[in-house]
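Reading through the structure tokens given below for one structure.
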Amino acid sequence: MIISERIMNVPEPGEARRAPRVSVFYATDSPGHERQVLEFATFLRKGAGVDARLDKWEETERRDWVIWLGEQLKVADFVLFIASPEHKRLAETGVSAEHGHAHVAAAMLRDSVSGDLPGQTRRILPVLLPGHGTGEIPHFLFPNSTTKYVIPEFTLDGVASLLQALAGRPRHVLPPLGVFRPPPPDALFIASAAPAAPAGRVLAVGAETAIGATHYLVHAEDFEEEPTLDGAAVLRRARAMNLADPGEHVWLRQLEIKHESPAATEAFEALKREHKQLVAFDGRRKGLPRALGHVPDGHVTTLITAWPGPAGATLAADVPRPGEAADPMWACRLLWGLSDLCGAVAELHHRGVAHRALGPSAIVRRDDGGLALRDLGLAAWPQRPGEGPDLCRAPEQGRRHNAATGPWTDVYRLAALVYHLVTGYPPDPPLPMRTQAPWLAERVAAIVHAALDPAPAARPGLSDLAAALKAAQAFIV
């Protein structure tokens, strides 16, 4: 099977055949290990056609090895980190002149990873030669969550996975995408889902709903329903698919007024205000929802916004089980995404409003890997005790508090979300984050704890929190 896959990857006529240049970094654990590395590098050059470079082949004259290492890092397409107990020790402690320049090379790799985590993750490849295991890969290369290359023998079959990475060619080719054909809705199921609702107007799980001239199929995932305090109206939220264009997914906020009351009127006005706010933003800021329409239909009014990508899911899927600490690489990418999302939240603050409902369900993963707000939360609603989802509620939003909410509330809710996703526990109370996430830099943990201060005036600004989250990947310890 490996042979047939290799044949499939033969370059087409005229295709560039330049051999990838790789620098081999290792530690001299023992003479036997040194011979094994030399044999491996020799096979890469002679047996696999890889332009491998090793310090052993450069000992022709007296030279500055630190400068040589820097040049190797600069010109190499890939760096092969040969895992071994001594190489891991040097990489994590930076000690010992007894091992030549291996500790300097390891320090350079650490610095490269800290400066560009996504890029260097693709470029620095941990390699396990025969007799070596995952436990010999240093922590900053994320041995458990990222790919490593196990070399069982020095043959083309034995290095096949490494050669695929060097060539940038997958073993299995992605098949072409066919036409998406969702099954038609079951009329019997629709009738039983909401028997008392006017047909085709009120949102219900699994129902085909007509909003204006467009028909949508309502998903069960993300469906929410909440009555006003007096029960005079019901606010429903749902993700739905445009049946005329299955590639278009939307987020619907619908108010059904059962009878007139001050609470129902307040909800109706809030939905209108949110539409005006969305129109004012006009989708110009990445991460903010984009208005598609506001459709009044008798006692039912629906606000339609674009869902950020057909496959997007909210961060609710990432909420950990109690005590389930986050993987460092995953967490760093998430913190980077949240730092970028702070720009969208800051735009709300610039317009004089705050979201006040930030939490896992309010934040959507975009198809490009970024994050976006599902809607404007409570930005159009007046403050009331006990408002917003429980999970990240700020102290000033509690039922027994009457302190004002504002941008500082969003700072607290974002910090509470970060704390929960990274440590596996909600901040109730916030214990030191590094007890659950020792890889997190003290600087980052400190500003998250400051943002969780019960006193709004003591919390840092949103820009300070964003800067710390953005720098998190460069401060993994």
Side-chain angles (χ1 to χ4, degrees), residues 18-116 119-141 143 148-156 158-159 161-163 165-167:
R18 184 181 76 84
R21 177 162 176 165
V22 302
S23 295
V24 181
F25 284 19
Y26 68 102
T28 54
D29 290 52
S30 66
H33 178 66
E34 197 170 1
R35 285 193 299 272
Q36 187 184 43
V37 173
L38 181 59
E39 182 184 352
F40 170 63
T42 301
F43 174 77
L44 287 181
R45 290 190 66 84
K46 297 179 64 176
V50 174
D51 186 7
R53 302 301 177 103
L54 192 67
D55 59 352
K56 292 297 180 186
W57 298 325
E58 304 290 338
E59 295 174 344
T60 56
E61 60 186 35
R62 185 172 184 265
R63 68 171 70 244
D64 187 323
W65 289 105
V66 174
I67 294 177
W68 182 84
L69 287 169
E71 286 297 320
Q72 293 302 305
L73 277 175
K74 184 187 301 183
V75 302
D77 298 311
F78 297 92
V79 175
L80 305 187
F81 183 97
I82 308 299
S84 69
E86 187 60 16
H87 207 186
K88 177 181 180 180
R89 189 184 73 80
L90 291 175
E92 294 184 340
T93 65
V95 185
S96 179
E98 299 176 4
H99 295 271
H101 45 270
H103 65 293
V104 177
M108 290 180 175
L109 294 182
R110 286 199 309 272
D111 187 65
S112 296
V113 170
S114 296
D116 179 15
Q120 296 305 320
T121 296
R122 293 188 292 270
R123 182 171 178 249
I124 301 173
L125 311 181
V127 173
L128 301 173
L129 298 183
H132 295 269
T134 302
E136 298 170 16
I137 301 173
H139 187 263
F140 74 88
L141 290 181
K148 45 267 183 190
Y149 299 90
V150 180
I151 311 298
E153 57 185 6
F154 299 156
T155 64
L156 286 177
V159 299
S161 63
L162 177 61
L163 295 181
L166 298 180

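Counting begins at 1 with the first residue of the sequence.
Contact annotation: the side chain of L163 approaches that of L156 to within less than 4.5 Å [non-hydrogen atoms, C-beta and beyond]. Residues D77 and D51 fail the side-chain proximity criterion, which asks for heavy atoms closer than 4.5 Å. Counting heavy atoms from C-beta on, the side chains of V159 and Y149 never come closer than 4.5 Å. In this structure, K148 and F81 have side chains that are not in contact, with every pair of non-hydrogen atoms separated by 4.5 Å or more. Taking the side chain as every heavy atom from C-beta outward, L109 and L141 never approach each other to under 4.5 Å. Annotation: side chain of P85 is in contact with side chain of D29 (closest heavy-atom distance under 4.5 Å). Between E153 and P130 there is no side-chain heavy-atom pair separated by less than 4.5 Å. At a threshold of 4.5 Å between non-hydrogen side-chain atoms, the residues L44 and L80 count as touching.
Here the CD atom belonging to E86 is positioned 11.0 Å from the CD atom belonging to E136, to the nearest 0.5 angstrom. Summarising the geometry, atom CZ belonging to R63 is positioned 10.5 Å from atom CD belonging to E71; distances are rounded to the nearest 0.5 Å. Considering CG of L54 and CD of E34, their distance stands at 8.5 Å, rounded to 0.5 Å. With rounding to the nearest 0.5 Å, the separation of CZ in R35 from OG1 in T28 is 12.5 Å. Rounded to the nearest 0.5 Å, atoms CG (D111) and CG (D116) are 11.0 Å apart.
No donor-acceptor distance shorter than 3.5 angstrom exists from the side chain of R21 to the backbone of R53, with no hydrogens or angles considered. The main-chain N or O of G115 is never found under 3.5 Å from a side-chain atom of Q120 such that the two would form a donor-acceptor pair. Using a distance-only test at 3.5 Å, with no hydrogens or angles considered, a donor-acceptor pair links the side chain of R110 to the main chain of A91.
Taking both residues in full, the closest heavy atoms of P138 and P143 are given as O-CD, 3.5 Å, listed atom of the first, atom of the second, then distance. The heavy-atom pair separating L38 from K56 by the smallest distance is CD1-CB, 4.4 Å. Taking all atoms of both residues into account, the shortest heavy-atom contact from F154 to F43 is O-CE1, 3.4 Å. What you find for F78 and A165 is that their closest heavy atoms are CZ-O, 3.7 Å. Across every non-hydrogen atom of L128 and G133, the tightest pair is CD2-O, 3.3 Å. When every heavy atom of A106 is checked against every heavy atom of F140, the shortest pair comes out as O-CZ, 4.3 Å.
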Next item on the list: Quick one: do D55 and L69 satisfy side-chain contact (heavy atoms from CB on, under 4.5 Å)? Show the steps, please.
Entry: CA-CA 9 Å; D55 59 352; L69 287 169; over 6 Å; no

Item checked: Verdict with supporting geometry, F25 and V127, side-chain contact (heavy atoms from CB on, under 4.5 Å) -> CA-CA 10 Å; F25 284 19; V127 173; over 6 Å; no

Item checked: Residues Y26, Q36; criterion side-chain contact (heavy atoms from CB on, under 4.5 Å); working and verdict -> CA-CA 11 Å; Y26 68 102; Q36 187 184 43; over 6 Å; no

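Annotation: R122, atom CZ; neighbour count of heavy atoms from other residues, nucleotides and ligands within 6.0 Å does not exceed 12.
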